[in-house]
Amino acid sequence: QVQLVESGGGLVQAGGSLRLSCGASGDTITSYTMGWFRQAPGKEREFVAAVSRRGGVTYYADSVKGRFTISRDNSKNTVYLQMNSLNSEDTAVYYCAADLSTATQAMGAKTSHDYWGQGTQITVSS
């Protein structure tokens with residue numbers, strides 16, 4: 001069992017930056033592809049970014065490409081999402097996910113993953 005806890009959310013002005021963290025406990029995340037997803041009010045959960053087990057491969061949704069950076073530190077059992085140039089469309093609850101058997105590029109194609117965090121709210125004010 002893996003428990004995932006997101007942190008770093010909050011209120012930020014448009015154009016600003018935030019860094020989210022996803023800390024894992026219960027098991028090492030070394031074996032897991034890790035991803036970030038988000039869900040805005042009234043919308044379905046959508047894929048944001050994914051990173052391979054060793055961090056060498058990353059994959060992004062077109063809407064965040066060039067603005068967001070996903071990374072991981074397996075020694076700290078933590079995954080990060082650096083978000084720059086935020087805009088109002090980035091307002092959502094952000095979730096961390098861990099998947100044992102899915103390739104990085106395929107994370108966004110699945111709606112279910114092995115473990116999810118509880119989410120952290122990001123609100124971008126214009």
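For clarity, every value in this text was computed on a predicted model and none was experimentally measured. Residues take their numbers from the sequence shown, with the count starting at 1.
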Closest approach of M107 and G35, non-hydrogen atoms and distance?
CE-N, 3.7 Å

Do any N or O atoms from the side chain of S52 and from the backbone of V57 form a donor-acceptor pair under 3.5 angstrom?
yes

If you draw a 6.0 Å radius around NZ in K76, do more than 12 non-hydrogen atoms from other residues or ligands fall strictly inside?
no

Is it possible for you to check whether R38 lies under 6.0 Å from the centre of the six-membered ring of Y95, through NZ or CZ, and within 45° of that ring's axis?
no

Is the backbone N or O of I29 less than 3.5 Å from a side-chain atom of R72, with the two atoms forming a donor-acceptor pair by type?
yes

Measuring only between side-chain heavy atoms, which start at C-beta, is F68 closer than 4.5 Å to V48?
yes

The reported gap from CG in L81 to OG in S71 (rounded to nearest 0.5 angstrom) is 8.5 Å

Can you spot which of L100, D99, T33 makes a side-chain contact (heavy atoms from CB on, under 4.5 Å) with H113?
D99

Using side-chain heavy atoms (C-beta onward) and a distance below 4.5 Å, is W36 in contact with E6?
yes

Heavy-atom side-chain proximity of L4 to Q118 below 4.5 angstrom:
no

Do M83 and V124 land in one hydrophobic cluster if side-chain heavy atoms of ILVMFWY residues count as linked below 4.5 Å?
yes

Taking only residues at least two apart or on different chains, which pairs with a member in residues 96-126 satisfy disulfide bond (SG atoms under 2.5 Å apart)?
C22-C96

Under 3.5 Å, side chain of T102 to main-chain N/O of A106, donor-acceptor pair present?
no

State yes or no: are the ring centers of F37 and W116 separated by less than 6.0 Å?
yes

Using a 4.5 Å cut-off on heavy atoms from C-beta on, say whether the side chain of I70 contacts that of Y59.
no

What distance separates N87 CG from R67 CZ, expressed to the nearest 0.5 Å?
5.0 Å

Keeping the roles fixed (side chain from R53, backbone from T30), state whether a donor-acceptor pair exists under 3.5 Å.
no

Measuring only between side-chain heavy atoms, which start at C-beta, is L18 closer than 4.5 Å to I122?
yes

Atom CD of Q3 with >12 non-hydrogen neighbours under 6.0 angstrom:
yes

